[in-house]
**Student:** 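Starting off with a structure, shown below.
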Amino acid sequence: MLASGRVRSRNRPRTLAVCAALLLLPVLATGCGDGTEDGRPAASDQGAVGELLRAHLPCTEVTYFSPRKLAKLQARMGGIDGAGTCDTEEGEYYTDFLHIADMRLFLQHWASLDPGERGARSMMIGRDFGVQPDRGFEKKLLEAGLLYLYCPPTVPPKGDHTVIPLEEGCVASNAAPA
């Protein structure tokens, strides 16, 4: 017993560790504090998607679709509320991106397209945005937490890969298209 009348506890460091772990539990349970359940990054709007791309790709300029160009895209593809392009220094390579307000509606439209209509480049997705990267940028986007989007009839290659089920029979995977 201490002079103050309190009892000295040998468990104090363990108690502090348990308290710290309990405080961190909500952060750990949400994908290291990024607000996602499966580790894919989220973006609040098209500007946040542009900033994410600048942080992970050699973008020298990020441009956003004009309201007229966005309206034309929205007429063809549902669920989108923003879009733009990340251009590289050389001007040879670019990456298109979409901010998706309604992922279910977007996936319905994406899944309804023939694979040829989806474009030659892969679609990679975060929680609420999609990116069609130019060649060589997929690895950097995988490192940033984005995954490839596969919708029927396209499926990820077989192997030991992460596969996350989504709506409309689609899946997100870290397996690169064959």
**Student:** Tell me if a side-chain donor or acceptor on Asp134 pairs with a main-chain N or O of Thr95 at a distance below 3.5 Å.
**Tutor:** no
**Student:** Run the side-chain hydrogen bond (donor to acceptor under 3.5 Å, both in side chains) check on His99 and Asp81 step by step: do they pass?
**Tutor:** CA-CA 6 Å; His99 186 263; Asp81 68 350; 2.6 Å; yes
**Student:** Is the side chain of Gln132 donor-acceptor paired with the backbone N or O of Arg118 at a distance under 3.5 Å, no angle test?
**Tutor:** yes
**Student:** Verify the cluster assignment for Leu142 and Val49: are they in a single hydrophobic cluster under the rule of side-chain heavy atoms below 4.5 Å apart?
**Tutor:** yes
**Student:** Keeping the roles fixed (side chain from Gln108, backbone from Glu168), state whether a donor-acceptor pair exists under 3.5 Å.
**Tutor:** no
**Student:** Look only at the side chain of Thr60 and the backbone of Asp87, and say whether a donor-acceptor pair between them is shorter than 3.5 Å.
**Tutor:** yes
**Student:** How far apart are the closest heavy atoms of Gln46 and Gly82, and which atoms are they?
**Tutor:** OE1-CA, 3.2 Å
**Student:** With sequence neighbours excluded, tell me which residues meet side chain to side chain donor-acceptor pair (under 3.5 Å) with Arg54.
**Tutor:** none
**Student:** Go through the steps for Phe97 and Leu52 under the test side-chain contact (heavy atoms from CB on, under 4.5 Å), then give the verdict.
**Tutor:** CA-CA 11 Å; Phe97 62 89; Leu52 183 136; over 6 Å; no
**Student:** Is the shortest heavy-atom distance from the side chain of His161 to the side chain of Pro156 under 4.5 Å?
**Tutor:** no
**Student:** How long is the span from the OG atom in Ser66 to the NZ atom in Lys72, to the nearest 0.5 Å?
**Tutor:** 8.5 Å
**Student:** For Val171 versus Pro165, what's the shortest heavy-atom pair and its separation?
**Tutor:** CG1-CA, 4.1 Å
**Student:** Counting N and O atoms only, with roles assigned by atom type, does the side chain of Arg40 sit under 3.5 Å from a partner on the main chain of Leu147, one being a donor and the other an acceptor?
**Tutor:** no
**Student:** Are any of the side-chain heavy atoms of Met123 and Cys151 separated by less than 4.5 Å?
**Tutor:** no
**Student:** Quick check: closest heavy atoms across Ala144 and Pro41, and the distance to 0.1 Å?
**Tutor:** O-CG, 3.5 Å
**Student:** Tell me, do Leu146 and His56 make a side-chain contact under 4.5 Å, heavy atoms counted?
**Tutor:** no
**Student:** Report the distance from atom CE of Met77 to atom OG of Ser112, rounding to the nearest 0.5 Å.
**Tutor:** 7.0 Å
**Student:** Checking Leu57 against Thr88 for the side-chain contact (heavy atoms from CB on, under 4.5 Å) test, could you report, in this order, the C-alpha distance in whole Å, the side-chain angles of both residues, the deciding distance, and whether it holds?
**Tutor:** CA-CA 8 Å; Leu57 300 179; Thr88 63; over 6 Å; no
**Student:** Is any side-chain heavy atom of Leu107 less than 4.5 Å from a side-chain heavy atom of Leu149?
**Tutor:** yes
**Student:** Linking I/L/V/M/F/W/Y whenever their side-chain heavy atoms sit closer than 4.5 Å, directly or via other members, would Leu105 and Phe129 fall into one cluster?
**Tutor:** no
**Student:** What are the two closest non-hydrogen atoms of Gly126 and Met103, and how far apart are they?
**Tutor:** O-CE, 4.0 Å
**Student:** On a heavy-atom basis, which atom in Leu53 and which in Cys59 lie closest, and how many Å separate them?
**Tutor:** O-SG, 3.8 Å
**Student:** Does the Ser173 side chain pair with the main chain of Thr162, one donor and one acceptor, at a distance under 3.5 Å?
**Tutor:** yes
**Student:** Going from OH on Tyr94 to OG1 on Thr63, what distance comes out if it is rounded to the nearest 0.5 angstrom?
**Tutor:** 11.5 Å
**Student:** How long is the gap from CZ on Phe137 to CZ on Arg121, to the nearest 0.5 Å?
**Tutor:** 10.5 Å
**Student:** For the pair Tyr148 and Tyr150, name the ring-plane relationship: parallel under 30°, tilted 30 to 60°, perpendicular over 60°.
**Tutor:** tilted
**Student:** In Å, rounded to the nearest 0.5 Å, how long is the span from CG of Asp128 to CD1 of Ile100?
**Tutor:** 7.5 Å
**Student:** From Leu98 CG over to Ile80 CD1, what is the distance, rounded to the nearest 0.5 angstrom?
**Tutor:** 4.5 Å
**Student:** Of the non-hydrogen atoms in Ala172 and Leu166, which two are nearest, and what is the gap between them?
**Tutor:** N-CD1, 3.8 Å
